[in-house]
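Just below is one structure, and these are the notes that go with it.
Predicted model only: the values in this text are computed from it and were never measured. Letters A, B, ... mirror the listed sequences (proteins, then strands); counts begin at 1.
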Amino acid sequence: MDEPHIQKGFREEIYKLMRLLPNDKVTTYGDLAAMAGQPRAARIVGGIAHQGPDDLPWHRLVNREGGLAIGFPGGQDVQLQLLQADDIGCVDYKIDNFGERRWRPQDLDLNLRLL
DNA sequence: CTCGTGACGGCGA
DNA sequence: ATCGCCGCCACGA
């Protein structure tokens, strides 16, 4: 697997991971950070997100509580609309642990194996 | 060059 | 169970 050279660019890694994120799933900053090899760098993911290219599905990144981050431009309304556009809509993530909407590290692993 | 801050989250008290 | 502190990488001043 191509895991060892993670530090080539945490940023790049995040971008790569986001491109692997299925359109019908959501993930958390923390999980994404963990996938990139830095379980405690969730914050960075958010920071990177805000800087990153807009061709990436940032709206499908949610915080641990299941809602979009506080500082998203336009507020949660925009986020919600984008999620609905992806046929996800509003979900009580917090309650049912994202149900099947959550994209977890093991899903990434599974994804890579299937490739 | 250094310093501070940030779309967050884990862990200790 | 809640509250608060620390950390992680990148980027702007």
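In this structure Arg60(A) satisfies the salt bridge (charged side-chain N to carboxylate O under 4.0 Å, His left out) test together with Asp86(A), sequence neighbours excluded. Looking at residues two or more places apart in sequence or on another chain, you find a side-chain contact (heavy atoms from CB on, under 4.5 Å) between Ile44(A) and Phe10(A), Ala41(A), Ile48(A). Under the salt bridge (charged side-chain N to carboxylate O under 4.0 Å, His left out) criterion, Asp77(A) pairs with no residue, sequence neighbours left out. Looking at residues two or more places apart in sequence or on another chain, you find a side-chain hydrogen bond (donor to acceptor under 3.5 Å, both in side chains) between Asp55(A) and Arg19(A).
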Restricting both atoms to N or O, compile the protein contacts to nucleotides 10-13 of chain B shorter than 3.5 Å, with distance only.
from    : atom 1 : to       : atom 2 : distance (Å)
dG10(B) : OP2    : Arg64(A) : NE     : 3.2

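Listed pair Gln38(A) / dC9(C) meets the phosphate criterion, a side-chain N or O lying under 4.0 Å from OP1 or OP2.
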Which atom pairs, donor and acceptor, lie under 3.5 Å between side-chain atoms of residues 26-35 of chain A and protein residues at least two apart or in another chain?
from     : atom 1 : to        : atom 2 : distance (Å)
Thr27(A) : OG1    : Trp103(A) : O      : 2.9
Thr28(A) : OG1    : Asp31(A)  : N      : 3.0
Thr28(A) : OG1    : Asp31(A)  : OD2    : 3.4
Asp31(A) : OD2    : Arg102(A) : NH1    : 2.6

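As a whole-Å value, the separation of Leu82(A) CG from dA7(B) C1' is 14 Å. In this structure, Ile14(A) places its CD1 atom 12 Å from P of dG9(B), rounding to the nearest Å. Between Leu61(A) atom CG and dG9(B) atom C1' there is a gap of 14 Å when expressed in whole angstrom units. Arg11(A) has its CZ atom 14 Å from the C1' atom of dG12(C), to the nearest Å. Taking atom CE on Met18(A) and atom P on dA7(B), their separation rounds to 16 Å, with Å as the unit. Counting to the nearest Å, the P atom of dC8(B) and the CE atom of Met35(A) are 17 Å from each other. Note: CG (Leu80(A)) to C1' (dA7(B)) measures 17 Å, nearest angstrom. Arg102(A) has its CZ atom 12 Å from the C1' atom of dG9(B), to the nearest Å.
Consecutive Watson-Crick or G-U pairs involving DNA chain C, each under 3.5 Å on both distances, make up stems of three or more pairs at B:2-6 with C:9-13, B:8-13 with C:2-7.
To the nearest 0.5 angstrom, Leu56(A) atom CG is 10.0 Å from Leu21(A) atom CG.
Distances were taken from every side-chain heavy atom of Tyr29(A) (C-beta onward) to each of dA10(C), dC8(B), dC8(C); the shortest belongs to dC8(B). Here the side chain of Ile44(A) is nearest to one of dG9(B), dC8(C), dA7(B), namely dC8(C). Counting only heavy atoms from C-beta on, Arg43(A) has its side chain closest to dC8(B) among dC8(B), dC9(C), dA7(B).
Between Ile48(A) and Ala42(A), the residue anchored closer to the 5' end of DNA chain C is Ala42(A), taking for each the nucleotide with the nearest heavy atom.
Comparing the C1' positions of dC6(C) and dG4(B) gives a spacing of 15 Å, expressed to the nearest Å.
A heavy-atom distance below 4.5 Å is not found between the side chains of Gln79(A) and Leu82(A).
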For side chain to side chain contact (heavy atoms under 4.5 Å, CB included), just list the numbers for His50(A) and Trp58(A), CA-CA rounded to whole Å, side-chain angles, deciding distance to a tenth of an Å, and then say yes or no.
-> CA-CA 8 Å; His50(A) 137 75; Trp58(A) 300 120; over 6 Å; no
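Legend: salt bridge (charged side-chain N to carboxylate O under 4.0 Å, His left out) pairs involving residues 33-48 of chain A, not counting sequence neighbours: none detected.
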